[in-house]
Amino acid sequence: MALLTIDNLHVRFRTPAGLLHAVNGVNLQVDRGEIVGLVGESGCGKSVTARAIMRLLPEHRSAQVSGRVVWRDEDLLAKSETDMVRLRGADLAMIFQDPLSALNPVMRIGDQVIEGPRQREKLSRQRARARAIEWLDHVGIPDAAARVDQYPHTFSGGMRQRVVMATALSGSPDLLIADEPTTALDVTIQAQLLERLRTLQAETGTAILFITHDLAVVAQLCHRVAVMYAGRIVEQATVAELFAHPRHPYTRALLNSTPVPGQRERLEPIPGAPPDGLHPFSGCPFADRCPHAIPACDLPPPLEDVTSTHRVACHRHEELADP
Amino acid sequence: MAHRFHIFRQHRVAFVALIVIVGYALIAVLAPWLAPRDPYSMSGDYPLVAPGTAGYWLGSDPFGRDILSRLMYGARTSLMVGSIAAGLALVLGTIVGVCAGYFGRHIDAVLSRFMEVLFSFPDILLALIIMAILGPSTVNVMLAIGVVYTPIFARIARASTLRVKRAAYVEAARTMGARTPRILIRHILPNISGPLMVQTTLSFAFAILAEAALSFLGLGVEPDAPSWGIMLNEGKDWMQHGWWVAVFPGLAITLAVLSFNVLGDGLRDLIEDTG
Amino acid sequence: MWRYTLKRLGMAVPVLFGISIIAFFSVRWVPGDTITAMLGAQYTEEQAERLREQYGLDQPVVVQYGRWLSQILRGDWGTSVYTRQPVIEAIAERLPVTLQLVAMSLAMAIALALPLGVWAAVRRRGPVDASVTVLGLLGLSVPGFWLGTLLILGLSLQLGWFPSGGFIRWSVDPWANLHHLFLPALTLGGAVAAVLLRMTRAAMLDVLDEEYIDLARAKGLSPRRWIIRHALRNALIPIITVTGIQAGYLLGGSVVIEQIFSLPGIGMLSLQAINNRDYLLLQGVILFIGTTFVVINLVIDLIYTWLDPRITY
């Protein structure tokens, strides 16, 4: 059952250089309890998509958002800020990339963890503190009862990201949007954090939209994956299908440029750079960098079903399919 | 992205401010030719003539002197005091700050303490004391204001020097055996000039305000000199009879100070934007 | 914390010493002589000599400084040679006026600048922000003594809403006291409000770009809550510093404002001391203001450590 359905989402920013097309018609669905990976290079619009869902873009200033973001039966894009305040934290939560700046430096971590529920539920001070300790314990902060009253600067990057996770999960959201939460951490810490996230997900049943540029992380954590390029979804499938039978040339290139543990294959960087978003185009956005481009790629490729769980936007996907 | 748009808009405003400042400078330089009347000539027949009266566009003061002409000569006083005071503060402050920052240790301790002492007095009060020692005159006003604003420059220069000192290119120059004066002039100074330039522009604004305030209190330029502050001081007792004696000098000050402030803001944005 | 407080106090000592040197010696360089100023046009050299001896002015300057400093430390700030009033008493008498003026100005400035600055930053690049930017620049550029003059001309002389000057003690008539101080406080507070407004806006803009603001919003906090508890609480650290510095400058600005509105405060006292060449009084006032400034800075530094848990000493 669909929890979140993104339908033809467009986001543009007004800039002095002109209108910047950041997200160009994204369609994506997240079902109850599943973990969906959203993968792409930096600048492809995945973070903007996440913020558009949360309605955290500077809409009164420079961002123009259109399309529909349907949460259960309601379009989030049509909601007022007051309604969004009610939904954020309790229904949808989000965590961010930089653990060092994601916590308020002058507020005790326990207060930050339980602040959301406290605003909604009228918890007593003791109850709130106890619940904060509980959540810190859940996310794997050692000696949570002693650390609950400390300030963020006394925590390491990995520990801070755990606190951030507790902050988001303490509201028991149905969907957690995680915007590259492990990117800034080193590999061992990253693995521990992902492990903890998976355990928590299994316990709570919270659906996760996990944004990353790292396919290895997707393989480790996600059920389904959508590959994003230049503000569009170019391919989406179950994790098994995508890794076994990638259809889109960009997905293949991405897989070829990702190191796989245990294998000593040569990594191939993708030549060229993605379009800058300032110059709208009508055809396939990857055509300029694609080794298989043909004249037909000047026309926009539709997102076609390969199987019931695998869709791809490429004119030549059938020819290019693995034999 | 949106940030750059803001900078762009700021630049346009700063450019207008620059034009206003150039206008003031032209008026100051060309005052003897531009002024319709002798700013000192008192005409007992025409005291407190209203603006618009033939020959007195902005009216006359209680002594019958033409306000427009006095304003034009006042621009000379203000800009001269502003530029020399700001220049003095820049030179003194940079020397003190760079020395403190570059040599560190005891030199830093002594200079920084000294600057802190100067900094412990409200600016106007310190200027007043210095003026009381030196006596009212245009040169003394420049000196007094220059000294008062030296600590700000010293502080900025010191902080910037500390930052630049550790930069790779300075270390490189030192290892290559460059002498200290050369390092200071060729490597340190050019790289700390940005914030100092911004502060110079802002100090111009402060200096114009301070000159006017000191002159207003009777401890500024010579009492008969055409200064906007003195005009206000003379005008304030007469303003019930002729608002123009108090309004026009104040407008002249405000516009000049505003222009320097806007230009300073613009410069700061420019420097922060380019790193 | 206590160790830092002690260390910080220790650092203030040489500065205070420097202030006393400046207070003493700068006054010595003021041309003119108290004694001759005191005696007027008609006096004999003997009379002058006797008075000099009486006030210790015949001793070498360094001796005079040493004697003055040791007296100061013992609480004896000397007697004004002009009014025969003890310096401490003169300062104590004038202090409430200036303190009230500064406090009212600061209160007005904060009440205006803090909400406006926050509002402008949250609605960055909107019409409110533009107006606040213009207001801040104007406030910074309008000379206080001109604004004061115009306010007197408009609101007291023309409309008669406020008295044009003078002071009435709170204990005598609270309403008249506030009525008399309103315009001076408005004038003095204007410039400070401009500085605070710009600082608040800039500090808020810096903080609003931080990711913890996004996290706070993503938690579902109400705008009021994330703006105040997360954004403003962090922006407050630089704002407080600037407020402290401004409080010091208000003491200087009060010299001009007290003159315009004929308020018998510290500012007017220092002008009188300068004009009368009243050595001991002027020294006392300079020392007092400098020391106050140092104390304010000290307090600000200590508040800082309390506001920002990252700072540990």
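Because only heavy atoms are used, hydrogens play no part in the values below, and waters and symmetry mates are left out as well, while side chains stay in. Note on naming: letters A, B, ... go to the chains in the order of the sequence lines (proteins, then strands), and numbering restarts at 1 for each one.
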Item checked: Pairing residues for C/Gln259 by the side-chain hydrogen bond (donor to acceptor under 3.5 Å, both in side chains) criterion, not counting sequence neighbours -> none
Checklist line | chain C neighbours within residues 199-216 of chain B, where any heavy atom lies under 4.5 Å away | finding: B/Leu209, B/Ala212, B/Ala213, B/Phe216
Check: Nearest 0.5 Å, what's the CD1-OG distance between C/Ile296 and B/Ser120?
Finding: 10.5 Å
Item checked: Structural part of C/Ser270 lying under 4.5 Å from a heavy atom of chain B -> side chain
Check: Under 6.0 Å from the CZ atom of B/Arg155, do we count more than 12 heavy atoms belonging to anything else shown?
Finding: no
Notebook entry, point to check: Which region of B/Leu232, side chain (C-beta onward) or backbone (N, CA, C, O), has a non-hydrogen atom less than 4.5 Å from a non-hydrogen atom of chain C, or is it both or neither?
Noted result: side chain
Check: Taking it one step at a time, do B/Asp265 and C/Arg198 satisfy side-chain contact (heavy atoms from CB on, under 4.5 Å)?
Finding: CA-CA 11 Å; B/Asp265 274 9; C/Arg198 286 160 60 88; 2.8 Å; yes
Next item on the list: Flag the one option from C/Thr292, C/Val255, C/Ile19 with the top tally of heavy-atom pairs under 4.5 Å to chain B.
Entry: C/Ile19
Check: chain B heavy atoms under 4.5 Å from C/Val142: which part of the residue, side chain, backbone, both or neither?
Finding: both
Item checked: 4.5 Å side-chain heavy-atom contact, B/Leu118 and C/Ile22 -> yes
Note to self: Does any backbone or side-chain atom of C/Ile260 lie under 4.5 Å from a heavy atom of chain B? Answer side chain, backbone, both or neither.
What the structure shows: side chain
Item checked: Which atoms of C/Leu150 approach chain B - backbone, side chain, both or neither, heavy atom under 4.5 Å -> side chain
Note to self: What part of C/Arg124 gets within 4.5 angstrom of chain B, counting heavy atoms only: side chain, backbone, both, or neither?
What the structure shows: neither
Note to self: Distance check, rounded to the nearest 0.5 Å: B/Ile124 atom CD1 versus C/Leu251 atom CG?
What the structure shows: 13.0 Å
Notebook entry, point to check: At a heavy-atom separation under 4.5 Å, does C/Ile286 approach chain B through its side chain, its backbone, both, or neither?
Noted result: both
Next item on the list: Check step by step if side-chain contact (heavy atoms from CB on, under 4.5 Å) holds for B/Leu251 and C/Trp146.
Entry: CA-CA 9 Å; B/Leu251 279 180; C/Trp146 184 51; 3.7 Å; yes
Notebook entry, point to check: Looking at B/Ile130, B/Ile253, B/Leu126, which has the largest count of heavy-atom pairs under 4.5 Å with chain C?
Noted result: B/Ile253
Item checked: Rounded distance (nearest 0.5 Å) linking atom CZ of B/Phe121 with atom CG of C/Leu287 -> 8.0 Å
Item checked: When B/Leu217, B/Asn261, B/Leu125 are compared by non-hydrogen pairs under 4.5 Å with chain C, the top option -> B/Asn261
Item checked: Heavy-atom contact with chain C under 4.5 Å, split by part of B/Leu219 -> side chain
Item checked: For C/Ser141 against B/Val257, the heavy-atom pair lying closest together -> CA-CG1, 3.6 Å
Next item on the list: Please round to the nearest 0.5 Å and tell me the distance separating atom CD1 of C/Ile21 and atom CZ of B/Phe114.
Entry: 10.0 Å
Checklist line | Straight-line distance of C/Ile274 CD1 to B/Leu128 CG, nearest 0.5 Å | finding: 5.0 Å
Item checked: Validation row: C/Ile289, B/Pro122 side chains within 4.5 angstrom (heavy atoms) -> yes
